[in-house]
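When a residue number appears, it is its place in the shown sequence, counting from 1. This structure is a prediction, so every number in the text was calculated from the model and none was measured.
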Amino acid sequence: MKANDKKMQDIKNNLYGLYIAGFLLLLGVVFRNLIPWSWLRLTFEFGFIYLIFESIKYQWRFYKLKRASLVKGG
């Protein structure tokens, strides 16, 4: 049971980090017209898209782990 709690806490911490990084990259995407370098604009756009997929992956893992712990009665 402790291993499940540790996994769930790790996934939560990863999700919080992804949400913060995603918010910062979203700001970069919104204000991309103010960025003078094209390579940096491209980095913000692709980074934001990548973080969306990563956060969906971790959210799905959290959902599966939470559902498994509820089925076990914990």
Look up atom [atom1] in [X] and atom [atom2] in [Y], then write down how far apart they are to the nearest 0.5 Å.
X     : Y     : atom1 : atom2 : result
Asn14 : Gln59 : CG    : CD    : 12.0 Å
Phe62 : Ile11 : CZ    : CD1   : 8.0 Å
Tyr16 : Ser55 : OH    : OG    : 14.0 Å
Ile56 : Leu51 : CD1   : CG    : 11.0 Å
Leu25 : Ile20 : CG    : CD1   : 12.0 Å
Tyr58 : Phe53 : OH    : CZ    : 16.0 Å

Hydrophobic clusters here meaning ILVMFWY residues chained together by side-chain heavy-atom distances under 4.5 Å, can you tell me if [X] and [Y] are in one?
X     : Y     : answer
Ile49 : Leu40 : no
Leu70 : Leu65 : no
Phe46 : Leu26 : no
Leu34 : Trp37 : yes
Phe31 : Phe48 : yes

Open item on the list: Can you tell me if Tyr19 has over 12 outside heavy atoms packed within less than 6.0 Å of its OH?
Closed with: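 Atom OH in Tyr19 is crowded, with more than 12 foreign heavy atoms closer than 6.0 Å.
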Open item on the list: Counting only heavy atoms not in Lys66 (residues, nucleotides, ligands), do more than 12 fall under 6.0 Å from its NZ?
Closed with: no
Task: Worked verdict on Lys6 versus Gln9 for side chain to side chain contact (heavy atoms under 4.5 Å, CB included) - done: CA-CA 5 Å; Lys6 175 88 171 102; Gln9 189 62 37; 5.8 Å; no
Which atom of [X] lies closest to which atom of [Y], heavy atoms considered:
X     : Y     : result
Gly28 : Ile35 : O-CD1, 3.9 Å
Val29 : Phe44 : CG2-O, 3.7 Å
Arg32 : Arg41 : O-CD, 3.0 Å

